[in-house]
Amino acid sequence: MMVRCFSGVSCLQVTTSIYNLILGKLYCDHYGTMRIQGNQEYSCKLKFKEQSIIDRNPHQVQGLVQNRTGNTVSTLFGKWDESLFYINSDVASKSKGDDPSSEPVLLWERSKPPKDPTRYNLTRFAINLNELTPGLKEKLPPTDSRLRPDQRHLENGEYDLANAEKLRLEQRQRQARKLQERGWQPQWFHKEKGNDTYQYIGGYWETREQSKWDSCPDIFGQINSEIVLD
């Protein structure tokens with residue numbers, strides 16, 4: 001599936017599989033080829049190696065960054081659960097030591113887990129995704145997932161409230177689906193013809209700056225009893 005990550009960039013996602021859901025050690029694996037298309041100047045192809053039973057070095061990722069003429073400008077390698085490096089050259093055509101730029105440079109590294117393990121073994125990055133810092137709530141649209149009440153109750157350890165809110169929101173989602181069948185268009189994105197990708201058309205950041213969210217639906221609000229669902 002081709003997904004537009006942000007304006008001007010799209011990527012073809014790899015396959016994610018979860019193994020041993022019933023018996024054995026539970027683990028997941030990402031494999032396949034990810035293609036990232038930039039602003040027509042550069043493109044990237046990353047190959048995620050599929051893990052095998054006898055593989056002693058799993059989770060490997062290798063890839064290339066090429067310009068519009070097809071020449072390789074960077075080589076990438078590493079592991080998707082540890083770190084990723086790049087070299088500003090084509091290592092397949094040059095021997096190491098020919099160029100100082102052939103030394104690997106760290107591109108990304110996994111953050112170390114917290115000293116005190118969380119309930120769901122979440123990383124610092126995952127925990128921060130739901131964090132509401134001072135002054136941030138006023139800038140968020142009412143559709144932001146950080147405002148989801150059942151998720152907040154669960155994070156606070158209020159499990160009964162979280163379950164009640166979850167059931168209410170599921171009913172709310174069924175109501176929203178009924179409304180969407182009557183015709184619905186996204187506000188800040190336009191669906192491209194011939195595929196399932198969406199192009200950002202502008203307007204979100206201007207609305208956020210003014211904090212005018214009147215046109216956004218209150219998806220976490222109370223159910224409208226006037227709308228009867230089948």
Side-chain angles (χ1 to χ4, degrees), residues 1 3-6 11 13-30 59 80-83 108-182 184-189 198 200 203-230:
M1 180 175 65
V3 177
R4 191 169 296 279
C5 305
F6 50 86
C11 57
Q13 297 178 338
V14 297
T15 300
T16 298
S17 297
I18 302 177
Y19 300 90
N20 300 334
L21 285 172
I22 300 177
L23 296 174
K25 183 179 180 181
L26 182 68
Y27 72 96
C28 75
D29 190 27
H30 307 290
H59 309 160
W80 56 259
D81 65 334
E82 290 185 3
S83 58
W108 165 83
E109 186 176 25
R110 175 190 174 188
S111 299
K112 294 182 179 180
K115 294 182 179 179
D116 299 322
T118 61
R119 178 179 176 85
Y120 299 104
N121 198 29
L122 300 176
T123 63
R124 288 189 179 90
F125 175 75
I127 294 174
N128 289 338
L129 290 177
N130 199 41
E131 183 69 17
L132 282 175
T133 57
L136 177 61
K137 185 177 180 179
E138 292 73 19
K139 298 180 179 180
L140 297 178
T143 54
D144 194 285
S145 63
R146 283 167 288 190
L147 302 177
R148 182 167 172 160
D150 60 334
Q151 185 172 270
R152 186 63 60 187
H153 286 312
L154 181 63
E155 185 177 278
N156 294 336
E158 301 165 338
Y159 303 118
D160 291 340
L161 287 174
N163 186 60
E165 280 295 287
K166 176 178 178 294
L167 295 177
R168 183 185 69 82
L169 288 178
E170 288 175 349
Q171 179 72 4
R172 186 72 173 82
Q173 290 170 357
R174 286 191 286 270
Q175 181 193 68
R177 192 174 298 113
K178 275 288 184 179
L179 294 175
Q180 291 175 8
E181 291 176 358
R182 304 175 186 176
W184 174 83
Q185 294 291 333
Q187 293 191 50
W188 302 298
F189 295 87
Y198 286 81
Y200 177 61
Y204 169 78
W205 295 109
E206 293 79 3
T207 304
R208 172 170 170 156
E209 183 68 25
Q210 301 172 7
S211 296
K212 293 183 178 180
W213 304 112
D214 299 339
S215 58
C216 288
D218 185 11
I219 62 174
F220 303 133
Q222 296 298 320
I223 299 175
N224 188 349
S225 58
E226 296 179 358
I227 299 179
V228 180
L229 300 178
D230 294 337

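The structure displayed is predicted, hence computed values, not measured ones.
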- Can you check whether Ser215's main-chain N or O pairs, donor with acceptor, with Gln187's side chain at less than 3.5 Å? yes
- Main-chain N/O of Lys25 paired with Asn20 side-chain donor or acceptor, under 3.5 Å: yes
- Message: Assess the residue pair Asn130 and Arg152 against the criterion (side chain to side chain contact (heavy atoms under 4.5 Å, CB included)); give the C-alpha distance rounded to whole Å, side-chain angles, the decisive distance to 0.1 Å, and a yes or no.
- Response: CA-CA 8 Å; Asn130 199 41; Arg152 186 63 60 187; 3.6 Å; yes
Looking at [X], I want to see if its [atom1] is surrounded by more than 12 non-hydrogen atoms of other residues, nucleotides or ligands under 6.0 Å.
X: Glu209; atom1: CD; result: no
X: Asp160; atom1: CG; result: no
X: Ile18; atom1: CD1; result: no
X: Glu181; atom1: CD; result: yes
X: Arg208; atom1: CZ; result: yes

- Closest approach of Phe220 and Arg168, non-hydrogen atoms and distance? O-NH2, 2.9 Å
- side-chain hydrogen bond (donor to acceptor under 3.5 Å, both in side chains) filter on Glu170, not counting sequence neighbours, yields Lys166
- Message: Parallel, tilted or perpendicular, judged at 30° and 60°: which one describes the rings of Trp213 and Tyr204?
- Response: tilted
- Tyr19 vs Tyr27 aromatic rings, parallel, tilted or perpendicular, using cut-offs 30° and 60°? parallel
- Task: For the residue pair Arg174 and Gln171, confirm or rule out a side-chain donor-acceptor distance under 3.5 Å.
- Result: yes
Sequence neighbours excluded and cut-off under 3.5 Å, please list the side-chain donor-acceptor pairs for residues 139-150, or say none.
{"residue": "Asp144", "atom": "OD1", "partner": "Arg146", "partner atom": "N", "Å": "2.9"}
{"residue": "Asp144", "atom": "OD1", "partner": "Arg146", "partner atom": "NE", "Å": "2.9"}
{"residue": "Asp144", "atom": "OD2", "partner": "Arg146", "partner atom": "NH2", "Å": "3.0"}
{"residue": "Arg148", "atom": "NE", "partner": "Asp150", "partner atom": "OD1", "Å": "2.7"}
{"residue": "Arg148", "atom": "NE", "partner": "Asp150", "partner atom": "OD2", "Å": "3.1"}
{"residue": "Arg148", "atom": "NH2", "partner": "Asp150", "partner atom": "OD2", "Å": "3.1"}

